[in-house]
Amino acid sequence: MAEQPPLRASRFTAAGARRIRVSFEFFPPKTADMEKTLWEAIGRLGSLNPAFVSVTYGAGGSTRERTHTTVKRILAETTLVPAAHLTCVAAASDEINQVVRDYCEAGVRHIVALRGDPPGGVGERYAPHPRGYRNAADLVAGIRRITDVEISVAAYPEKHPESPTVEADLDMLKAKVDAGAVRAITQFFFDNEHYFRYLDRVLAHGVSIPIVPGILPVLNFKQTRGFAERCGASVPKWLADRFDGLDQDPATRKLIAAAVAAEQVLDLVDRGVREFHFYTMNRADLVFAICHLLGLRPQANREAA
Ligand SMILES: Cc1cc2nc3c(=O)[nH]c(=O)nc-3n(C[C@H](O)[C@H](O)[C@H](O)COP(=O)(O)OP(=O)(O)OC[C@H]3O[C@@H](n4cnc5c(N)ncnc54)[C@H](O)[C@@H]3O)c2cc1C
């Protein structure tokens, strides 16, 4: 049997790990218990020296205060770089501008700028607030008028469900970049071919910012399938097959989830990807294991080595 190619081997070396850049996404907690889980996850994953950790902004700004509190605590109690998500749906631009100023005052230097879903959920026709930003590109331009923070935006390898065509979707990405975005983070996907085809299209469209793959470890297959349906991500049959019969078996599900995510991420590494954004769902263990496979080690251990 032929030896494995050098790149496959090099992903496990310290030199390979040094080139890998990860970021982690969290959502603001609702209860004291959730807060405890979140901070355990931030502590464990934070030790892996991520490029940044992002905190989502609940639908329609519903977590505005909690997002702000979480971001401020990250700034106050850790050395991590927080990226605060911000959506412009259902709010006047004055209100949004104030949130941006509050973030800046708190020391935030990175915003993930999003349009947000319509208040009635995906499927409802989106209508901008009468005195609001029209879409994410408009929001990026608005943030740029206020501050020079780093701005990341969303990208959709399988097209945003509301976008009439792939072209229109790429036009929107280009508009966000022209307005000042420096990085796009993708919606999750399970078939890496979608990502690589998308990269080709993005480049052909004249967009050259990093398009960082968003990786979602499948902690709960049923929930993931529902979420994927709403956001236009496809769920391949092979993935459904792997979780088939495991509804009542969380321990095996977790092992399968780790194997699936590891396979996806290592294939991306083999094909040259070095930057990953993990949707952590505020849980450390699976993501920590995948990062370990990528060669990342907690800072303290590395220093001791
Ligand atoms: C990495 C990432 C992080 C996210 N974080 C959050 C978060 O913290 N909070 C949250 O609420 N949501 C979040 N979302 C979800 C996001 O808000 C939704 O996907 C939303 O529907 C689109 O936001 P956007 O910024 O991509 O919009 P835009 O870039 O403005 O639009 C996305 C696409 O939809 C099409 N489109 C937009 N509006 C219309 C329209 N009126 N008619 C036709 N086509 C249209 C455009 O062609 C465009 O391609 C996140 C998504 C990703 C990928």
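Remember, predicted model here, so these are calculated numbers, not experimental data. Computed over heavy atoms, backbone and side chain alike; hydrogens, waters and symmetry mates excluded. Start at 1 and go down the list; that is how both ligands and their atoms are numbered.
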Under 3.5 Å between some N or O of ligand 1 and some N or O of [X]?
X      : value
Gly116 : yes
Ala137 : no
Thr87  : no
Asp117 : yes
Tyr126 : no

What residue and heavy atom of the protein are closest to [atom], and at what distance?
atom                    : answer
atom 47 (O) of ligand 1 : Ser163 OG, 3.0 Å
atom 49 (O) of ligand 1 : Asp169 OD1, 2.2 Å
atom 14 (N) of ligand 1 : Leu114 CD2, 4.0 Å
atom 30 (O) of ligand 1 : Ala136 N, 3.0 Å
atom 3 (C) of ligand 1  : His85 CE1, 3.7 Å

Judged by modelled atom types alone, do Asp94 and Gln98 share a side-chain donor-acceptor pair under 3.5 Å? no
Could you check whether any side-chain N or O of [X] sits under 3.5 Å from a backbone N or O of [Y], counting only pairs where one atom can act as donor and the other as acceptor?
X      : Y      : value
His129 : Arg131 : yes
Thr280 : Phe24  : no
Ser93  : Gly132 : no
Tyr133 : Val89  : no
Lys159 : Ser163 : yes
Arg144 : Val149 : yes
Thr78  : Leu80  : yes
Ser152 : Ala184 : no
Arg274 : Arg19  : no

Among [options], whose heavy atom sits nearest [atom]?
atom                    : options                        : value
atom 45 (C) of ligand 1 : Glu162, Glu167, Met172, Lys159 : Glu162
atom 52 (C) of ligand 1 : Ser54, Pro157, Ser152, Ala154  : Ala154
atom 15 (C) of ligand 1 : Phe27, Tyr57, Tyr156           : Tyr156

Between Asp191 and Ser234, is there a side-chain heavy-atom distance shorter than 4.5 Å? no
What atoms of ligand 1 come within less than 4.0 Å of a heavy atom belonging to [X]?
X      : result
Asn135 : 30 (O)
Gln187 : 53 (C)
Thr56  : 8 (O)
Ala168 : 47 (O)

Side chain, backbone, both or neither: the part of Arg115 lying under 4.0 Å from ligand 1 by heavy atom: both
Could you tell me whether Lys176 approaches ligand 1 through its side chain, its backbone, both or neither, with non-hydrogen atoms closer than 4.0 Å? side chain
[X] heavy atom under 4.0 Å from ligand 1:
X      : result
Val112 : no
Tyr279 : yes
Ala59  : yes

Quick check for you: to the nearest 0.5 Å, what is the distance between Thr67 atom OG1 and Lys72 atom NZ? 12.5 Å
For residues 136-162, which residue pairs qualify under ring pair (Phe, Tyr, Trp, His ring centres under 6.0 Å), counting only residues two or more places apart or in two chains? Tyr156-His160
